[in-house]
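Below is one structure, written out as structure tokens, with a few remarks after it.
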Amino acid sequence: MTESSERIVTVLKAIPYARVMSYGAVASAAGLRNGARQVARLLHSSSDTWKLPWHRVIKANGCIALPSGGGLEIQIALLHQEGVEVNAEGRVDRKYFV
DNA sequence: GCCATGGCTAGTA
DNA sequence: GCCATGGCTAGTA
């Protein structure tokens, strides 16, 4: 576990219930200039072991990054469960961003 | 080489 | 859509 990864984990666990953050925003908050992809990688590999709120991380444009059949439906369900709405175009409104 | 990104541009309506 | 990025990993020697 690198220091950068630990900072990313800290930021992720601090995302409030029913709010979302973009990969890039998480990276910035963790002090990484261009770490969006690193955030994505960490979510993919360690969400389970660290019990991370992976479903609260979406693209900067409000879309969900996961493909249909590859987690998209589950992520939408988890967001709905928290009261975050995903519109017909599959986007989350700006008001839900931290 | 890969990619659960992001920002900018071209091309359509 | 395209491409610049940047850290991680698989696969070779």
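As a basis for the values below, the full set of heavy atoms in this structure was taken, side chains included, without hydrogen atoms, waters or symmetry mates. Throughout, protein chains are lettered first and strands after them, A, B, ... in sequence-line order, and every chain is numbered starting at 1.
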(request) Would you write the dot-bracket representation of DNA chain C, where each base gets (, ), [, ], | or . depending on whether it forms a Watson-Crick or G-U pair under 3.5 Å and with which partner? (result) ||||.|||.....

(request) Looking only at non-hydrogen atoms, find the nearest pair between A/Ser22 and A/Lys59 and report the distance. (result) CB-C, 4.0 Å

(request) State, to 0.1 Å, how close A/Gly70 and A/Leu66 come at their nearest heavy-atom pair, and which atoms those are. (result) O-CG, 3.5 Å

(request) Please check if any side-chain donor atom of A/His55 sits under 3.5 Å from a side-chain acceptor atom of A/Glu82, or the reverse. (result) yes

(message) What does the B/S/- profile of nucleotides 2-9 of chain C look like, 5' to 3', with a 4.0 Å heavy-atom cutoff to protein?
(response) ---BBBBS

(message) Can you give me the closest heavy-atom contact between A/Leu32 and A/Arg7, atom names plus distance?
(response) CD1-NH2, 4.1 Å

(message) I'd like to know if the side chain of A/Glu89 and the backbone of A/Cys63 have a donor-acceptor N/O pair within less than 3.5 Å.
(response) no

(request) Kindly give the heavy-atom pair with the smallest separation between A/Trp54 and A/Ser47, and that separation in Å. (result) CB-OG, 3.2 Å

(request) Using the test side-chain hydrogen bond (donor to acceptor under 3.5 Å, both in side chains), find all partners of A/Ser46 that sit at least two apart in sequence or belong to another chain. (result) none

(message) If I compare all heavy atoms of A/Ile58 with all of A/Phe97, which pair ends up nearest, and what's the gap?
(response) CD1-CZ, 3.7 Å

(request) Determine the contact category for A/Ser22: base if any of its heavy atoms lies under 4.0 Å from a base atom, sugar-phosphate if only primed atoms, P, OP1 or OP2 are that close, otherwise nothing. (result) sugar-phosphate

